[in-house]
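In each ligand, atom 1 is the first atom listed, and ligand 1 is the first ligand listed.
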Amino acid sequence: MKPFAYSALPTRVVFGRGKISEAASEAKRLGMKRPLVITTAQQAKSGQSIVRDTNGVAFAGAAMHTPIAVTEEAMAVLKSHGCDGTIALGGGSSTGLGKAIAFRTDLPQLVIPTSFAGSEMTDILGETRDTAKVTKRDPRIQPEAVLYDPDLLATLPPSFAATSGMNAIAHAVEGLYAVDGNPIVSLMAEEGIRALAAALPRGKDGHDEALYGAWLCGTVLGSVSMALHHKLCHVLGGAFNMPHAETHTVILPHATAYNGEASPDAVARIARALGSESAAGGLFDLARSLGAPLTLKELGLPESALDKAAGIAAASPYPNPRQLEREAIRQLLNDAYHGRRPA
Ligand code: NAD
């Protein structure tokens, strides 16, 4: 067995239908008397009862890729009301803003996820200024508590449930061949993929199991380093403002195919979790069966961006099972652009 190091994540997790009723007591447990309650504009209404129950202050301006200008605006509201913690309700965008504030203030965070993004389980923060997305890892960024309530996913549009679920699976796929992986992370990753692949096609009936899978996949993301897949999505999101979950969905089968030969144990586990013959083909088929986008073209990426994206992804070295070859990455992006099923 490969030598490894393992550290458990310090985040408290509360899971179950109806658990939203415990949001105020969880906030109190963290010592919050006046939390900043963060949502996107779209989910402002969902945050109102938490604002009321916690004596909180609403900030409904969270946006994708955590723009620093929005964080500065939220920081001003937090300071002017003397807030002593944050409660982020929503997908990765709301969570990201809570984390950006925690990084600057070290105030406690309670996260109430309503998508499968998994950001709530990590110490990772990706912030955007202009078109550059910069990622940092810091213990202050790790949320103190997470409350998962599958009932909150009832409003999730099916198309977003599909891509958000594929985004979660991507964390587990890369966890299986991570340079700093370990046996517990691999167990969580395989079970996370299995749970999501089984639950996503069941729609609302599968929300319990899908959210459980997303928690596992988020824990994987928070435990080990990510590789080419996340790098590519990061480049496409930051430099070309591509939508996060959709981009992960399109890239994942192709990044898995790229790394397949160099990580036979990982692809065997992925295929087993999917109940499919091949990992990359199985991921493509799952996305297709969910009606998710399969091409970068339909996401609006100009074909001219592929060269630049391949160049950025191959430029700075980072651990990946297969060597980073610019031409092969360019081919991967071309396949993803046209939505070709990986062989
Ligand atoms: P999102 O949070 O932007 O959500 C997309 C839209 O769906 C938003 O308008 C949101 O309000 C809405 N929405 C979310 N849940 C809903 C629900 N249950 N019902 C109705 N509407 C709902 O998208 P996302 O994919 O969850 O998160 C993407 C962001 O998270 C990106 O910025 C990405 O970089 C970040 N992220 C970070 C990490 C990390 O570890 N740092 C991990 C994953 C994602």
Side-chain angles (χ1 to χ4, degrees), residues 9 11 20 38-47 59-68 70-71 88-100 102-103 109 111-128 132-138 140-143 146 148-172 174-175 203-204 207 210-211 214-215 217-226 229-249 252 292-293 299:
L9 297 180
T11 302
I20 188 67
I38 298 166
T39 64
T40 60
Q42 293 86 338
Q43 289 181 283
K45 247 181 134 180
S46 313
F59 184 85
M64 189 148 315
H65 305 308
T66 326
I68 287 174
V70 172
T71 301
L89 172 84
S93 296
S94 298
T95 307
L97 178 53
K99 290 163 106 176
F103 177 68
Q109 307 175 64
V111 183
I112 308 175
T114 65
S115 80
F116 303 126
S119 175
E120 65 280 358
M121 291 309 297
T122 83
D123 62 354
I124 307 166
L125 169 64
E127 298 187 289
T128 316
K133 191 165 180 178
V134 178
T135 299
K136 46 176 82 76
R137 282 188 108 130
D138 188 284
R140 283 171 292 180
I141 294 169
Q142 184 84 36
V146 176
Y148 288 108
D149 184 340
D151 283 343
L152 303 179
L153 276 64
T155 50
L156 201 60
S159 58
F160 182 46
T163 55
S164 186
M166 293 302 295
N167 178 200
I169 290 176
H171 310 328
E174 294 230 296
K204 281 188 184 171
H207 279 169
L211 197 56
W215 164 47
C217 294
T219 306
V220 171
L221 177 67
S223 304
V224 293
S225 312
M226 295 288 117
H229 169 80
H230 280 75
K231 176 72 179 182
L232 279 173
C233 295
H234 177 96
V235 168
L236 292 168
F240 303 99
N241 201 26
M242 297 291 285
H244 180 83
E246 291 88 335
T247 305
H248 272 268
T249 303
L252 183 61
L299 300 185

Any idea which protein heavy atom is nearest [atom], and the distance to it?
{"atom": "atom 32 (O) of ligand 1", "result": "H65 N, 2.8 Å"}
{"atom": "atom 3 (O) of ligand 1", "result": "S93 OG, 2.5 Å"}
{"atom": "atom 41 (N) of ligand 1", "result": "I124 O, 2.9 Å"}
{"atom": "atom 19 (N) of ligand 1", "result": "T155 OG1, 2.7 Å"}
{"atom": "atom 40 (O) of ligand 1", "result": "T122 OG1, 2.7 Å"}
{"atom": "atom 34 (O) of ligand 1", "result": "K133 NZ, 2.8 Å"}
{"atom": "atom 39 (C) of ligand 1", "result": "S119 OG, 3.4 Å"}

Q: Describe, in one word, how the ring planes of H230 and H248 are oriented to each other, choosing from parallel (under 30°), tilted (30 to 60°) and perpendicular (over 60°).
A: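 Plane angle over 60°, so perpendicular.
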For [atom], which of the options [options] provides the nearest non-hydrogen atom?
{"atom": "atom 10 (C) of ligand 1", "options": "H171, Q42, Q43", "value": "Q43"}
{"atom": "atom 30 (O) of ligand 1", "options": "A117, P67, G92", "value": "G92"}
{"atom": "atom 33 (C) of ligand 1", "options": "M226, H244, E120", "value": "H244"}
{"atom": "atom 11 (O) of ligand 1", "options": "T40, L125, T39", "value": "T40"}

Q. Are Q43 and S94 close enough, and set up right, to give a side chain to side chain donor-acceptor pair (under 3.5 Å), and what steps lead you there?
A. CA-CA 10 Å; Q43 289 181 283; S94 298; 4.8 Å; no
Q.
Using a 4.0 Å heavy-atom cut-off, which part of F160 comes near ligand 1: side chain, backbone, both, or neither?
A. side chain
Q: May I ask you to identify, for L156, whether its side chain, its backbone, both or neither come under 4.0 Å of ligand 1 on a heavy-atom basis?
A: both
Calculate, to the nearest 0.5 Å, the distance between atoms [atom1] and [atom2] belonging to [X] and [Y] respectively.
{"X": "K231", "Y": "L236", "atom1": "NZ", "atom2": "CG", "result": "11.5 Å"}
{"X": "M64", "Y": "L97", "atom1": "CE", "atom2": "CG", "result": "13.5 Å"}
{"X": "I124", "Y": "T135", "atom1": "CD1", "atom2": "OG1", "result": "8.0 Å"}

Q: Scan L299, T163, L232 and name whichever one has a side chain to side chain contact (heavy atoms under 4.5 Å, CB included) with T247.
A: L299
Against heavy atoms of [X], which atoms of ligand 1 measure under 4.0 Å?
{"X": "T114", "answer": "14 (C), 15 (N), 16 (C), 17 (C), 18 (N)"}
{"X": "L221", "answer": "40 (O), 42 (C)"}
{"X": "S115", "answer": "26 (O)"}
{"X": "K99", "answer": "39 (C), 40 (O), 41 (N)"}
{"X": "L152", "answer": "18 (N)"}

Q | Heavy atoms from other residues, nucleotides or ligands near NZ of K136 exceed 12 (cutoff 6.0 Å) | A | yes
**Q.** Donor-acceptor under 3.5 Å (T128 side chain, G238 main chain)
**A.**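 Not confirmed, T128 side chain does not pair with G238 backbone.
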Q: Ignoring hydrogens and angles, tell me if any N or O in the side chain of E127 forms a donor-acceptor pair with the backbone of P67 under 3.5 Å.
A: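 No, the answer is negative, given that no donor and acceptor are paired below the 3.5 Å cut-off.
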Q | Intermediate values then yes/no, side chain to side chain contact (heavy atoms under 4.5 Å, CB included), T11 and E120 | A | CA-CA 9 Å; T11 302; E120 65 280 358; over 6 Å; no
Q: State, with a plain yes or no, whether a side-chain heavy atom of L156 is found less than 4.5 Å away from one of F116.
A: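 In short, these two side chains touch, coming nearer than 4.5 Å.
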